[in-house]
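Right, one structure below, let's go through it.
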Amino acid sequence: METTVSPTTATTPSKSSLLAGRIISVICILFLLFDAISKIMRESNSVKGTIFLGYGENMVQVIGTILLVCTIIYIIPRTAVLGAILITGYLGGAVAIMMRANQPAYFPIVFGILVWLSLYLRDGKVKSLLNFGGKW
């Protein structure tokens, strides 16, 4: 028996949806770049925060480099979905660390939602794949 898979048709986002997605995306990207670069440059608050969460001082630049690579992949339109997946993994680790340190974990959760929301609003393929509000 042969199964056929119907391709998802990408919808073109409206101008307002595209604008909102781009604004959210820029805010997310700026924050991620700031966080990554401050870790790579070993800014004192980044080092203190990383040590407070249980990592060694030698891990700050490694974590910053991983975040920078994920962010660059997210910035490139052709690889934005892969970047969002990688950032989601990074933020999942942040949630786990925050919970282990008895700190509130809502920020990485909300931030992960914003990363995907920006993609949903500006990328018709992601919107048609997720199909919120449509017939299931």
Side-chain angles (χ1 to χ4, degrees):
M1 184 191 296
E2 219 175 290
T3 5
T4 58
V5 178
S6 62
T8 56
T9 45
T11 59
T12 305
S14 67
K15 288 182 181 182
S16 59
S17 176
L18 187 61
L19 180 63
R22 286 181 178 166
I23 290 170
I24 295 169
S25 185
V26 166
I27 291 168
C28 290
I29 289 167
L30 289 175
F31 176 80
L32 291 168
L33 288 174
F34 175 78
D35 190 32
I37 291 168
S38 66
K39 283 177 175 34
I40 291 170
M41 294 180 61
R42 300 178 57 84
E43 193 271 327
S44 64
N45 289 323
S46 290
V47 173
K48 288 176 189 174
T50 304
I51 291 171
F52 173 76
L53 293 173
Y55 284 104
E57 190 173 333
N58 60 330
M59 294 303 295
V60 177
Q61 288 179 312
V62 174
I63 294 169
T65 303
I66 291 169
L67 180 57
L68 182 62
V69 169
C70 294
T71 304
I72 290 170
I73 293 171
Y74 179 70
I75 291 170
I76 301 168
R78 290 182 65 135
T79 59
V81 173
L82 175 60
I85 293 168
L86 294 173
I87 290 170
T88 303
Y90 178 88
L91 293 172
V95 169
I97 291 299
M98 297 300 272
M99 292 179 78
R100 187 178 63 81
N102 289 324
Q103 298 294 313
Y106 57 84
F107 182 77
I109 293 169
V110 170
F111 201 80
I113 291 169
L114 288 175
V115 165
W116 280 100
L117 176 63
S118 71
L119 262 183
Y120 179 80
L121 292 172
R122 63 187 166 94
D123 190 333
K125 291 178 185 174
V126 172
K127 193 171 208 168
S128 65
L129 181 66
L130 295 177
N131 196 20
F132 291 124
K135 293 183 180 180
W136 295 94

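Paired with Ile73 under the rule side-chain contact (heavy atoms from CB on, under 4.5 Å), one option of Leu82, Ile87, Ile85 passes, and it is Leu82.
Hydrophobic clustering of Ile, Leu, Val, Met, Phe, Trp and Tyr side chains at less than 4.5 Å, counting indirect connections, unites Ile76 with Leu121. A continuous path of hydrophobic side-chain contacts links Ile29 to Leu68 [ILVMFWY only; heavy atoms under 4.5 Å]. When the side chains of ILVMFWY residues are joined at heavy-atom separations under 4.5 Å, either directly or via intervening members, Leu119 and Ile109 end up in two distinct hydrophobic clusters.
The pair Lys39-Asp35 meets the salt-bridge criterion, since a charged nitrogen lies less than 4.0 angstrom from a carboxylate oxygen.
Chaining together hydrophobic side chains whose heavy atoms lie under 4.5 Å apart places Val47 alongside Ile51, Val60.
Atom CG in Leu86 sits 12.0 Å away from atom CD1 in Ile72 (nearest 0.5 Å). Atom CD1 of Ile75 and atom SG of Cys70 lie 11.5 Å apart (nearest 0.5 Å).
Ring centroids of Phe107 and Phe31 are separated by less than 6.0 Å, placing the two rings close together.
For residues 41-53, the pairs satisfying salt bridge (charged side-chain N to carboxylate O under 4.0 Å, His left out) are Arg42-Glu57, with sequence neighbours left out.
No side-chain heavy atom of Pro108 sits under 4.5 Å from any side-chain heavy atom of Tyr90. In this structure the side chain of Ile97 reaches within 4.5 angstrom of the side chain of Tyr55, judged on heavy atoms.
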